[in-house]
Amino acid sequence: MEHKSLRRTVYDRTMRILIRVCAALTCLLLAFLIGYIFVNGIPNITWQLLSTEPSFRSDTIGILPNLVNTLVLILGTLLIVLPLGAGAAIYLTEYAQNRRVVAAIEFAAETLSGIPSILFGLVGMLFFTELLGWGGSIRAGIMTMVIMVLPTIIRTTQESLKSVPQSYREASLGLGSGKWHMIRTAVLPSSVDGIVTGYILAIGRILGESAALLFTAGSASILSSNLLQTINSSGGTLSVALYMYVSERGELEVGFAIAAILMFLALLLNLTAKVAGKKLKR
Amino acid sequence: MQAGTIISAQDLDLYYGENQALKKITMDIPERQVTALIGPSGCGKSTFLKTLNRMNDLVPNVRIEGTITYRGQDIYMPKLDVTWLRRHVGMVFQKPNPFPMSIYDNIAYGPRTHGIRNKRQLDEIVERSLRGAAIWDEVSDRLKKPALSLSGGQQQRICIARALAVEPDVLLMDEATSALDPISTSKIEDLIAELKKQYTIVIVTHNMQQAVRISDRCAFFLLGQLVEFGETTQLFSTPKDKRTEEYITGRFG
Amino acid sequence: MKRIPKGEGQTGIAPKTKSIRAAFEKGMNVLFFLCGAVAVLFVLFISVYLIVSGIPAIREIGLADFLFGQVWKSTAKEPQFGILPFILTSVYGTAGAIVVGVPIGFLTAVYLSKAASPKIAAVIRTAVELLSGIPSVVYGLIGMTILVPAIRTAFGLSSGATLLAAIVVLAIMVLPYIISVSETALCAVPKEYEEGSLALGATEMETYFRVSVPAASSGIAAAVVLGVGRAIGEAMAVMMVAGNVANMPSLLESVRFLTTAVASEMSYSAGLQRQALFSIALVLFLFIMMINAVLAILLKKGKKS
């Protein structure tokens, strides 16, 4: 019996090894990044850091305002983008008859998802903070984030709506329900897992966003006395605060602490998305 | 083992996980003849065919006991190079599966893989293989066109040509005409009659008329067992086993 | 009995007579259509805004001087607004990230889609998802504290904040996109092609690289283009590691990208300088639109075949 040529054997072995090395590299890279951030960040997370405002008088740094800002920004964005994105997706999958209209909307969503966040920041700044005179404020940040995450929401909702079997719709319509009733009772409940996953993805994007928020929501770290005031005034999220502390003030320890918190939240969101995807399906 | 045997299976058992799909198959496949494997679906005929060039290796959890030899060589011995085996024992599938490349590149794929780079040599192989598969006249003026642009019957002959290009010894055909129309089918049947002068052919078919038309020997499988194996004319005229008789007279399957 | 059953859907706003019901359905239709129209409006709005605000400075500076000028001195007494350094930095930086990131990502995708056992594949997939979930400022921080000092000592520079550092960070950042899009394309290759190749006596690796990869080529190309889009649009991570000086690009020099050119001066700019920043944004936008168009074509092609 002859064996395959040496050249072929070498090729086969090399490629076998190469693809494994690259895959291992990807995993090791992640493990290293997570490890590095946690090792450097967790020791710097203190109760004082989490529970106070930064103070020049006592020369301490606290990220409570940034935590609050992040939370308000995420909730505010979801509140607006939830009906908007779901509505657009419902239109595309359930109502739209005209192929051109569908193509236009899908093209728009794709285009939006490819635009770099710095450009969202720029337009958000020009329009919301300047033209509308809102100033650097959380609400300008919220509106900018709405535009930015809309395509994510539309796409994931659309995908989960499409995965609902046609027979559910026919069954519901066959029982004499109207279209909206059919959507509300037969389509939405069985696609809830995909929709929830979409929102979790959107939360992740807002959490990690910095370029688009720097020029719209600003970078202030001051606690406001009430919600309305928070929304109307400038406020930096955790990611923006990380950038400011590291780049502008050279506070690496605080930067690592925030990075560790962000990483932890990112892991948590990923896990939640997986569990939600599985649980809600049942 | 009989004289003139090219592939020989001895007490072959095959398991998919817990399920036993082949039971103690012992069979000698004669050289330069057409051997047909028949039987109702799920009887193990396709599984058996795939053990002959170890395409079953791709199925997870498959386990094989017993031996198969090809020209005296145990093809399941651990150190065997499966690429060597598959080069000599080629296969044509049920569904035509040309690669998404040009006709030329499809045929040249095998020779190139096995180290032939010379353009003139490749041209020669491509022409010879396409002639061998009786499709040269239909495609000689459009070798650079994608193979997927051809009709199903033509695609299947391209696949046969592709298999011939590596100069195999044995050609396994897994219901190679079942996805084709009657005209394409008869073209391929004619081709098989031509090919057996040079190659050993093992064909799985669910079509008994086809087995009668093209095969020299015929094996009847049932529930993972080889029920009967003999001359095709004998097997269809005077079957030895009652189950064979019931099957060929159409009582089941 | 002609009574409409009192089901769940008949409570609240759902009307009970035919004409009102039709009007209600019509209303819902319009409502959802408006939601969809919002997405289109946003895109038009952003495009128009960027174009309108980007044109004045180009007019004043002159298109050729703006695009091909090699000197950017926006705050000098006699300011110069040449953005060639930014354009080239973005192009080189992106190309570098692709050259480093694509082979690793592509080979990982081949392993993931073809050779890995389901368990290992699940682990790698999770790793890829997590990588894409790491905020860009965190990448920036890591680059700043590991990469920049390492490059400084390795090459004996006064500062390690260089194009090279940016390239490495960008390569890592595009990795998850390259992997997941190529993997999807590779998984969609029909198994029959691979069987055909194996049956001819090709090895698994020969089969994957000579049959599966060519069959998935438009999807893999789309992965690369997507990576290009991500790399060229990244701002904050690059800002933290590239040093941010308006030099013509060179691997071991401090450089400024199109994105960081906009971001770094925006907070204190005024007048023509500020308008020039909008023009840079417009150039970036045009780059992205071109990339999007290529991406759309590739994805369509991939769907067809």
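Naming: A, B, ... by sequence-line order, numbering from 1 per chain. The model shown is predicted, which means the values in this text are computed figures rather than measured ones. Side-chain atoms are counted along with the backbone in the values below, which use heavy atoms only and exclude waters and symmetry mates.
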Can you find a heavy atom in the side chain of A:Ser210 that is under 4.5 Å from one in the side chain of C:Ser136? yes
Does a side-chain heavy-atom distance below 4.5 Å link A:Tyr91 with C:Asn29? yes
Is it the case that atom CD in A:Glu248 sees more than 12 heavy atoms from other parts of the structure closer than 6.0 Å? yes
For A:Leu262, which atoms come within 4.5 Å of any heavy atom of chain C: side chain, backbone, both, or neither? side chain
C:Tyr208 six-ring centre to A:Arg16 NZ/CZ under 6.0 Å and within 45° of normal: no
Counting only non-hydrogen atoms closer than 4.5 Å, does C:Ala263 touch chain A with its backbone (N, CA, C, O), its side chain (CB onward), both, or neither? both
Select one option (side chain, backbone, both, neither) describing which atoms of A:Ile115 are under 4.5 Å from chain C's heavy atoms. both
Which atoms of A:Met263 approach chain C - backbone, side chain, both or neither, heavy atom under 4.5 Å: side chain
If you define the side chain from C-beta out and look only at heavy atoms, does anything of C:Tyr139 sit under 4.5 Å from A:Leu33? yes
Whatever's closer than 4.5 Å to a heavy atom in chain C on A:Leu131 counts as side chain
What's the shortest heavy-atom distance between A:Gly114 and C:Asn292, and which atoms? CA-OD1, 4.1 Å
Test item: C:Pro135 and A:Leu207 side chains (from C-beta on) under 4.5 Å apart, heavy atoms: no
What part of A:Ser239 gets closer than 4.5 Å to chain C, counting heavy atoms only: side chain, backbone, both or neither? both
So for A:Ile37, is it side chain, backbone, both, or neither that comes closer than 4.5 Å to the heavy atoms of chain C? side chain
Nearest heavy-atom contact between A:Ile19 and C:Ala115 is CD1-CB, 4.0 Å
I need the A:Met148 CE to C:Phe42 CZ distance, nearest 0.5 Å. 13.0 Å
Atom group of A:Phe256 that falls short of 4.5 Å from chain C, counting heavy atoms: both
Answer yes or no: does atom CZ of A:Arg100 have more than 12 heavy-atom neighbours from other residues, nucleotides or ligands under 6.0 Å? no
Which heavy atom of C:Gly233 sits nearest to which heavy atom of A:Ile118, and what is that distance? O-CG2, 4.3 Å
Nearest heavy-atom neighbours spanning A:Ala108 and C:Val43: O-CG2, 3.2 Å
Check whether A:Thr14 gets within reach of chain C through its side chain, its backbone, both or neither, counting any heavy atom under 4.5 Å. neither
If I measure from the heavy atoms of chain C, does A:Leu265 come under 4.5 Å with its side chain, its backbone, both, or neither? neither
Turns out that what part of A:Leu112 lies under 4.5 Å from chain C's heavy atoms comes down to both
Within a strict 4.5 Å, meaning less than it, do heavy atoms of the C:Ile146 and A:Phe32 side chains meet? yes
Is C:Leu112 close to chain A through its backbone or its side chain, or both, or neither, when contacts mean heavy atoms under 4.5 Å? neither
If one checks every heavy atom of C:Ile124 against chain A at 4.5 Å, the contacting part turns out to be both
Do the side chains of C:Arg274 and A:Glu130 get close enough for a salt bridge, i.e. N-O under 4.0 angstrom? yes
If we only count heavy atoms from C-beta on, is the A:Asp12 to C:Glu206 side-chain gap below 4.5 Å? no
What are the two closest heavy atoms between C:Cys35 and A:Pro83, and how far apart are they? SG-O, 4.1 Å
Shorter than 4.5 Å, heavy atoms on both sides: which option in C:Ile291, C:Thr145, C:Leu175 has the most such pairs with chain A? C:Thr145
Given that the side chain runs from C-beta out, which part of C:Tyr49 has a heavy atom under 4.5 Å from chain A: side chain, backbone, both or neither? side chain
Is the backbone N or O of A:Lys179 less than 3.5 Å from a side-chain atom of C:Glu25, with the two atoms forming a donor-acceptor pair by type? yes
Pick from C:Phe209, C:Phe285, C:Phe106: which one has the most heavy-atom pairs with chain A under 4.5 Å? C:Phe209
A:Leu242 versus C:Met240: any side-chain heavy-atom pair under 4.5 Å? yes
Side chain from CB out, backbone as N, CA, C, O: work out which of these in C:Thr126 comes under 4.5 Å of a heavy atom of chain A, or both, or neither. both
Is any side-chain heavy atom of C:Phe32 less than 4.5 Å from a side-chain heavy atom of A:Glu94? no
Please give me the minimum heavy-atom distance between A:Leu126 and C:Ser53, naming the atom from each residue. CD1-OG, 3.9 Å
Chain A interface, residue from C:Val262, C:Ile232, C:Val110, C:Ile134 that has the most non-hydrogen pairs under 4.5 Å: C:Ile134
Heavy-atom pairs under 4.5 Å with chain A are the metric here; pick the option from C:Ile46, C:Leu130, C:Leu34 that has the most. C:Leu130
Checking heavy atoms, do the side chain of A:Leu150, its backbone, both or neither come under 4.5 Å from chain C? side chain
For chain A, find which of C:Leu50, C:Ile120, C:Ile142, C:Thr259 contributes the most heavy-atom pairs closer than 4.5 angstrom. C:Ile142
A:Leu269 versus chain C, heavy atoms under 4.5 Å apart: side chain, backbone, both or neither? neither
Given a strict heavy-atom distance threshold of 4.5 Å, which part of A:Val240 is in contact with chain C: side chain, backbone, both, or neither? neither
